[in-house]
Amino acid sequence: MRETQSEGESNNNSSNNGSWTQQPPQALLERLKDYGQEDAFALWDELSADERSFLVKDIESLDLPRIDRIIRCSLQSHSLPAAAIEPVPESSVSTVEERTLEERERWWKMGLKAISDGKLAVLLLSGGQGTRLGSSDPKGCFNIGLPSGKSLFQLQAERILCVQRLAAQSTNEGSAGSVQIHWYIMTSPFTDDATRRFFESHRFFGLEPDQVTFFQQGTIPCVSKDGRLIMETSYRVAKAPDGNGGVYSALKSSRLLEDMATRGIKYVDCYGVDNALVRVADPTFLGYFIDKGVASAAKVVRKAYPQEKVGVFVRRGKGGPLTVVEYSELDSSLASAINQQTGRLRFCWSNVCLHMFSLDFLNQVANGLEKDSIYHLAEKKIPSIHGHTMGLKLEQFIFDAFPYAPSTALFEVLREEEFAPVKNANGSNYDTPDSARLLVLRLHSRWVVAAGGFLTHSVPLYATGVEVSPLCSFAGENLEAICRGRTFHAPCEITF
C-alpha cells in the first residue's frame, strides 16, 4: 500500500500554538485584504489563544491566489450563456446492435494483451460516504445483501483478480501472479482512514498491498454568492470536497501521473464506486479504446425516459467537442425531443461514470482544468457561525475532462448488464441496494442458464436469483465446467 501527500497540504509550522495572542499576523491580514477576504479575522478579539492559532494555521493552509482565481472564474463563467448543444453524431458511438462477434472477440484479445503488458491502471472514485444509504461508512464498504455478503469494494477487487488471471492465461507463459493491475483509489478527508482500515482488515481482498495506492481528493472553501469565504466557526473556514472531478488535480499534485508513467501505464480505466455491476478493467472496452485511437471514451446506456435523472452526452456548439450536460441543465423540450429517423430520443446517451483515458490525456486535462479554474456552483445550506446559511459549494465533475479531448468515443452497454447504481436507502423509488442486488442476481442467473445450469427457487424467481463469484467469471465466460447439468437453489453464491 502506497500513501501520498498532496502538495496542497500545508507544511507550514510557522504558527506555533498560542503564539497569536494580540493581533492577527500583519502579513497574513494584508494577503487576505488583497483578495477581499479579511472578514475571516472578524471575530479575532473573541477567540482564545488556541483558537487564534488554529485560525491562523487554517488560513495559512489555503492557496489564496488559486482559490481567488477559482472563485472569480467560476462566478464569471456561471453568468455566461452556455453554447448551444447538438446531439452526438452517430459516428462517435459503437452501439450494441452494430457490434459483431468478431469485433468483440478482437477487442477482448487486444485488451487482455495490453493488460498482460502492464499498460492498464484502474482508477476508483471513492470519496463519498453512504449518507443517503443510512451509513456513515465509505460507500465501498456497503454490503447490498448478496448471498455472499460481499461489499462493493470486495466485488471490485475480485473482478480485478479475475481479469489478471484471464490476462495471464491469454499469454502462453503467464502464471496467475504474473499480471498485476495497479488500483488507484481516490478517497476524501471523510472516507480516507475508514477506507484504508477496511482494506487492511480484509487483507486487500487477495490483491497485493503494494498494487493499491490511496490518495485524497482536495477540499475547497465554501463561499457566499458574492464570493466571500463562509466561516464554519469563528476560527475555521467552511470547506467541502471539490467533487469527483477533483481527481485530476489530486492525481497531479500527488505526483501519481508521474507514478503511472514510471510503471509503464498508458491507459486508465476510471469509474465510480457505487455501481454493483461495474466491469472493472473490462478488456473489451480497453481493446475498443486502443482500436479507436482516441484520447477518451465512455460507456453509455440509452436513456430510459425523457425525465430520467441522468446526464447525457451532447456536442457543444457546431462541430464542437463531446461533453456531458446534467439533467438539471437540459431544457425539458430538448430532453423529450425525438429523432424522426430512429424514433429514439435525440439526446439519448446517458453518462454512467465508466470512462477510459490515455495517460497523456490525463496530464493534459489536469493542466487545462487548473489553468481555466472553472468549477460548477452548487447552492447549498452551509454550516456556519450563523447556523445553516445558503452559500455555494464549488465542485468539478469527472466529465469536465471531455471538452479537452481531441477525440472521444462512446461505447454503448446494456444497462441490465453493467449499471446497477447504489445511491439511495431501501424504500426509495430507485437506485437502492435492493434494486442493485436484484440486477446482479438476474444477470448471473441468465449466465448460469446459458452455461447449461438449472435453477430452483422457493420464492418467485423475479425476487431472487444466483450470484456468480467474480473469481469464477468476469462477464459470464468459462462457466460451463461449473454449471452444465447442475441445479442451483436460489438464492446462493456459485464459486469454485
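All heavy atoms count here, side chains included; hydrogens, waters and symmetry mates do not.
Separating the OG atom in S126 from the CD atom in Q156 is a distance of 8.0 Å, to the nearest 0.5 Å. From M110, atom CE reaches atom CD1 of I290 across 5.5 Å, with rounding to the nearest 0.5 Å. A distance of 8.0 Å separates CD1 of I382 from OG1 of T389, quoted to the nearest 0.5 Å. Of the inter-residue distances, the one linking Y375 atom OH with E395 atom CD reads 10.5 Å to the nearest 0.5 angstrom. Atom CG of N424 is separated from atom CG of D274 by 10.0 Å, given to the nearest 0.5 angstrom. Between atom CD1 of residue I265 and atom CG of residue L123 there is a gap of 10.5 Å, rounded to the nearest 0.5 Å.
For the pair I115/I181, a side-chain contact is recorded, criterion being any heavy-atom separation below 4.5 Å from C-beta on. Using a 4.5 Å cut-off on side-chain heavy atoms (C-beta onward), I398 and V247 make contact. Within the 4.5 Å cutoff, side-chain heavy atoms of V365 are placed close to those of L369. Within the 4.5 Å cutoff, side-chain heavy atoms of L322 are placed close to those of P89. Side-chain contact between C162 and R165 is present, with at least one heavy-atom pair separated by less than 4.5 Å. The shortest side-chain heavy-atom distance between R196 and D192 falls under the 4.5 Å cut-off. Contact of the T191 side chain with the F198 side chain is not registered, since no non-hydrogen atoms from C-beta on lie closer than 4.5 Å. The shortest side-chain heavy-atom distance between K393 and I220 does not fall under the 4.5 Å cut-off.
The main-chain N or O of E418 is found under 3.5 Å from a side-chain atom of N275 such that the two form a donor-acceptor pair. Side-chain atoms of E308 come within 3.5 Å of backbone atoms of A304 as a donor-acceptor pair (strictly under, hydrogens ignored). A donor-acceptor distance shorter than 3.5 angstrom exists from the side chain of R99 to the backbone of S94, with no hydrogens or angles considered. The backbone N or O of V223 sits nowhere less than 3.5 Å from a side-chain atom of R228 that would complete a donor-acceptor pair. In this structure a side-chain-to-backbone donor-acceptor pair under 3.5 Å is missing from Q154 to F205. Checking side-chain atoms of D282 against main-chain N and O of T284 turns up a donor-acceptor pair under 3.5 Å. Side-chain N or O atoms of D117 include none that pairs as donor or acceptor with a backbone N or O of K119 at under 3.5 Å. When atom types are taken as modelled, the side chain of S249 and the backbone of G246 share a donor-acceptor pair closer than 3.5 angstrom. A donor-acceptor pair under 3.5 Å links the side-chain atoms of S74 to the main chain of I70, judged by distance alone. Although no hydrogens or angles enter the test, the distance criterion places a donor-acceptor pair under 3.5 Å between the side chain of E412 and the main chain of V96.
When all heavy atoms of E38 and G36 are compared, the closest pair comes out as OE1-C, 3.4 Å. Scanning all heavy atoms of the two residues, the minimum distance from G311 to E326 falls at CA-OE1, 3.5 Å. The heavy-atom pair separating I59 from V237 by the smallest distance is CD1-CG2, 3.8 Å. V163 and V280 get closest at one heavy-atom pair: CG2-O, 3.9 Å. Nearest heavy-atom pair across L112 and S170 is CB-OG, 3.8 Å. For S407 against V294, the heavy-atom pair with the smallest separation is OG-CA, 3.4 Å.
Side-chain contact of Y327 with N351: a donor-acceptor pair under 3.5 Å is absent, judged by distance alone. Side-chain contact, D226 with S224: a donor N or O sits under 3.5 Å from an acceptor N or O. In summary, the side chains of N367 and K252 do present a donor paired with an acceptor at a separation below 3.5 Å, with no hydrogens or angles considered. Between the side chains of Q217 and D242, a donor-acceptor pair is found at a separation under 3.5 Å. Between N426 and D434, the side chains place a donor N or O and an acceptor N or O closer than 3.5 Å (distance only, hydrogens not considered). Between the side chains of S333 and D331, a donor-acceptor pair is found at a separation under 3.5 Å. No side-chain donor-acceptor contact under 3.5 Å links D259 and H182. A donor atom on one side chain and an acceptor atom on the other are not found under 3.5 Å apart for S116 and T171. T323 and R316 share no donor-acceptor pair across their side chains, judged by distance under 3.5 Å alone.
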Derivation of the side chain to side chain contact (heavy atoms under 4.5 Å, CB included) call for L124 and F153: CA-CA 10 Å; L124 167 59; F153 280 142; 3.8 Å; yes
List the steps and the verdict of side-chain hydrogen bond (donor to acceptor under 3.5 Å, both in side chains) for Y248 and N363. CA-CA 8 Å; Y248 303 114; N363 274 296; over 6 Å; no
List the steps, then state whether side chain to side chain contact (heavy atoms under 4.5 Å, CB included) holds for R279 with F285. CA-CA 9 Å; R279 291 187 181 174; F285 186 36; over 6 Å; no
Hey, mind stepping through S296 and T408 against side-chain hydrogen bond (donor to acceptor under 3.5 Å, both in side chains) and telling me if it holds? CA-CA 5 Å; S296 65; T408 296; 2.7 Å; yes
Dump the intermediate steps for side chain to side chain contact (heavy atoms under 4.5 Å, CB included) on V324 and V312, then the final yes or no. CA-CA 5 Å; V324 174; V312 289; over 6 Å; no
Passes salt bridge (Lys or Arg N to Asp or Glu O under 4.0 Å), R344 versus E90? Steps please. CA-CA 12 Å; R344 297 191 180 118; E90 294 195 6; over 6 Å; no
Could you check R66 against E370 for side chain to side chain contact (heavy atoms under 4.5 Å, CB included), going step by step and ending with a plain yes or no? CA-CA 9 Å; R66 176 177 182 260; E370 187 61 36; 2.8 Å; yes
Going through the distances and angles, do R446 and E416 end up as a salt bridge (Lys or Arg N to Asp or Glu O under 4.0 Å)? CA-CA 11 Å; R446 294 197 295 276; E416 60 270 24; 5.4 Å; no
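Each of Y271, F204, F199, F215 was checked for a ring-ring contact (aromatic ring centres under 6.0 Å, His included) with W183, and the lone residue meeting it is F199.
Relative ring orientation between F313 and H355 is described as perpendicular, the plane-to-plane angle rising above 60° on a 0-90° scale split at 30° and 60°. The aromatic rings of F402 and F357 sit tilted, their planes meeting at an angle between 30° and 60°. Using cut-offs of 30° and 60° for the angle between ring planes, the Y288 and W107 rings count as perpendicular.
In this view, E258 and R255 satisfy the salt bridge (Lys or Arg N to Asp or Glu O under 4.0 Å) rule, not counting sequence neighbours. Contacts of D58 classified as salt bridge (Lys or Arg N to Asp or Glu O under 4.0 Å), with partners at least two apart in sequence or in another chain: K239.
Residues E417 and K299 are not paired through a salt bridge, judged by the lack of any N-O separation under 4.0 Å between the basic side chain and the carboxylate.
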